[in-house]
Enquirer: 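Can you read through this structure? Questions will come right after.
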There are 2 protein chains.
Amino acid sequence: MTTTGTRVGSPTLDEVAQLAGVSRATVSRVVNDSPRVSPEARLAVQAAVEALRYVPNRMARSLVTRRTDTIALVLSESNTQVFSDPFFASIVRGLSARLADTDLNLVLLAARGEREQEKIGRYVRQGHVDGVILMSLHSDDLLPDILTGTRLPLVLSGRPLDGRPIAYVDADNTGGAAAATGLLLSLGRRRVATVTGPQDMVAGLDRFAGYRAAVERSGRPVDPALVAAGDFTEAGGMRAMTELLERAPDLDAVFVASDPMAVGAVQALRAAGRRVPDDVAVVGFDDAAVAAACDPPLTTVAQPLGEMTTLMVELLLDQIEHGERSVETRVCDTALVRRASA
Amino acid sequence: MTTTGTRVGSPTLDEVAQLAGVSRATVSRVVNDSPRVSPEARLAVQAAVEALRYVPNRMARSLVTRRTDTIALVLSESNTQVFSDPFFASIVRGLSARLADTDLNLVLLAARGEREQEKIGRYVRQGHVDGVILMSLHSDDLLPDILTGTRLPLVLSGRPLDGRPIAYVDADNTGGAAAATGLLLSLGRRRVATVTGPQDMVAGLDRFAGYRAAVERSGRPVDPALVAAGDFTEAGGMRAMTELLERAPDLDAVFVASDPMAVGAVQALRAAGRRVPDDVAVVGFDDAAVAAACDPPLTTVAQPLGEMTTLMVELLLDQIEHGERSVETRVCDTALVRRASA
DNA sequence: TCAGGTCGTGAGAGCGTTCTCACGACGGAC
DNA sequence: GTCCGTCGTGAGAACGCTCTCACGACCTGA
């Protein structure tokens, strides 16, 4: 281990300038790829930067540019489940892939509980980020309020529950659920049940609404005995399915509002001796990896995740560019993915 | 929607000072809870802060204090799995709970692939954070190199694969695995198999080492037919177990290196008509939520996650405090949790 | 009464950048 | 040869904050 002299702390623009024999301004120009620099000066500066292992201080830079080149993905979850949700993982992956080409950084902020949510609110208001993509899951969430209270560019992942005017990107959950349920009905199934998501989340609400719409469209009323609430987890799906089988042993199909839950439901069905799809047809939602791997491979509803993350970034960058909020919204079409379970 | 006049941008210290009729210095003192402020001045400032909805600009503050009050949890994963790993979720939860009492912020940085890892390296070197907790999973990971190249306080979650001198906190994976395997042997099982984790991760390596040690201590050699590699996922566990059953149909116990894998293994066993624990005893690792919920409830090895996250924070804050790296390490004891599967 | 504290306060110098200007050098057009 | 435009450059003022220092006002004890 050798250290370069007695210096402590990082080298500054000034030191680079001195070493290169130019002014601070010229170094700054080189560092920021300004064209108006002579080749000789550029070379000298680059050498000095290299020699000193100079890295610009972002704080100082941000102070004057009022840009941090960082955006935050905020997830306000009360429980831990969120991380294990494949949908969430896909969003993170998609966002970070979209941003890889740009010089924007992505940071994740997760909060459970009021204190942590307020802390996150403070963090973004203090100017750490240029914009926020918010995955707000539950209706009792403080973050939408906290964040709309700022003038910070903001895009929601998922329609806001209370319909307030904010930019958002969402999948057509209602349409997708209706299509899934419609498929089951068109297959001749008479007693189509559903395992819903939590009814304090938009995705849970909308997917249930889609189910209801499809059932009613077929001329039947929705039988409460055919509806059980899940929590988007595999265990929850298993529980709900077991419950359904007790309440309505004659059910012959089920639309499950998420793939992890559908996996649990299939297990419950199997444990109860029902064959899938022969006795009970199953359709899930999300087209998670687990859907294809499952036995039998799950028929499900796919969301265009790539398109959705791209749109989120696009909407957010637009706001950042123009320096003001927009209320543009995008709803993406879903697609039925036919496999073996229905 | 009403806006407060024609102002654009956030209010500054100066404006607060002007409104409160004091100097910038006094406002700063109030904002930072310095005791040497008269009650009247304090009140006036607080009112002004309230009125203007003043929030200090962190960039400006950091520029002078050289502190960001933010630490990063960096995870360099190549695959998406990480998020769904309950261990990871627990670490995040633990860290953010530990930091909730402090005024430190926690940001998550996730990187897949070389480009993104370098981007993260740049991010932390630019001075965005005061320290880093690194969950480096695989041996081909660039981040440990990138980060040790800086003078930034750094604590690893998990022993570094190459034994380099860095501060880290880890569970006694080897000891835990040996205890688990020992339990199976002490139960009179003769053919104890194992489903390992990836052998390019420390946890995978160490848990396999523990298995080997326990088997050898019992006076037997390790039978390669009794070893199958998993990837810490449920699907991987199922695959590996199926493979083991083909290779060694006479096995009567299995130590599975993670709970999600153990769940998969149990399913594979059941599919093959083996009863757990009568025909095959199973022990997992991690004491994830899924272990208790599983059927039968899984005997497993618990890591003291709370203690571990506390130690990580402690070690990191210590380095930040003293302004220099340390190479202190902490290895935490694991505990066997006896349930029904063995 | 005066020396020596303490206490609250404000002026002002930084922190490491960017960015606006102004300035000299040089080139081409007349 | 003069004039204008471009081009590379550097000086210096921000950006919003903290922190040192000095300065009065007040209190205490001799």
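Here is how names work: the chains are called A, B, and so on, in the same order as the sequence lines, proteins then strands, and each is numbered from 1.
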Enquirer: Just verifying a value: how many Å separate A:Leu73 CG and A:Ile71 CD1, rounded to the nearest 0.5 Å?
Expert: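 Spacing of CG (A:Leu73) from CD1 (A:Ile71) equals 8.0 Å.
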
Enquirer: How many angstroms lie between OG in A:Ser96 and CD1 in A:Ile91, if you round to the nearest 0.5 Å?
Expert: 12.0 Å

Enquirer: Would you give me the side-chain donor-acceptor pairs under 3.5 Å for residues 154-163 of chain B, sequence neighbours excluded?
Expert:
unit_1	atom_1	unit_2	atom_2	d
B:Arg159	NE	B:Asp206	OD2	3.3
B:Arg159	NH2	B:Asp206	OD1	2.6
B:Arg159	NH2	B:Asp206	OD2	3.3
B:Asp162	OD1	B:Arg164	N	3.2
B:Asp162	OD1	B:Arg164	NE	3.2
B:Asp162	OD2	B:Arg164	NE	3.0
B:Asp162	OD2	B:Arg164	NH2	2.8

Enquirer: So do the side chains of A:Leu13 and A:Tyr54 get within less than 4.5 Å of each other, counting heavy atoms only?
Expert: yes

Enquirer: Can you sort out the partners of A:Phe87 under ring-ring contact (aromatic ring centres under 6.0 Å, His included), two or more places apart, ordered by chain and number?
Expert: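 Result, ring-ring contact (aromatic ring centres under 6.0 Å, His included) vs A:Phe87: none returned.
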
Enquirer: Over its full length, what angle do the end axes of the helix from C:dT1-D:dA30 to C:dC30-D:dG1 make, each axis taken from five pairs and the result rounded to 10 degrees?
Expert: 40°

Enquirer: Would you name the heavy atoms of B:Cys332 and B:Val169 that are closest together and state the gap between them?
Expert: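 The answer is SG-CG1, 4.5 Å.
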
Enquirer: How close do A:Ser76 and A:Leu143 get, heavy atom to heavy atom, and via which atoms?
Expert: CB-CD2, 3.4 Å

Enquirer: I need the residues from residues 119-130 of chain A with at least one non-hydrogen atom less than 4.0 Å from DNA chain C; give them sorted by number, or say none.
Expert: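 Close to the strand, none.
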
Enquirer: In terms of heavy-atom contacts, does CD of B:Glu118 have more than 12 from other residues, nucleotides or ligands at under 6.0 Å?
Expert: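 Atom CD in B:Glu118 is packed in, count exceeds 12.
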
Enquirer: Less than 4.5 Å apart, side chain to side chain, heavy atoms only: is that true for A:Arg122 and B:Asn105?
Expert: no

Enquirer: Tell me every residue that passes salt bridge (charged side-chain N to carboxylate O under 4.0 Å, His left out) with A:Arg67, counting only those two or more places apart in sequence or in another chain.
Expert: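 A:Arg67 satisfies salt bridge (charged side-chain N to carboxylate O under 4.0 Å, His left out) with A:Asp69, A:Asp130 only.
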
Enquirer: Spell out protein contact along nucleotides 8-24 of chain C as letters: B when the base is contacted, S when just the sugar-phosphate is, - when no protein heavy atom is under 4.0 Å; keep the 5' to 3' order.
Expert: SBBBBB-BBBBB-----

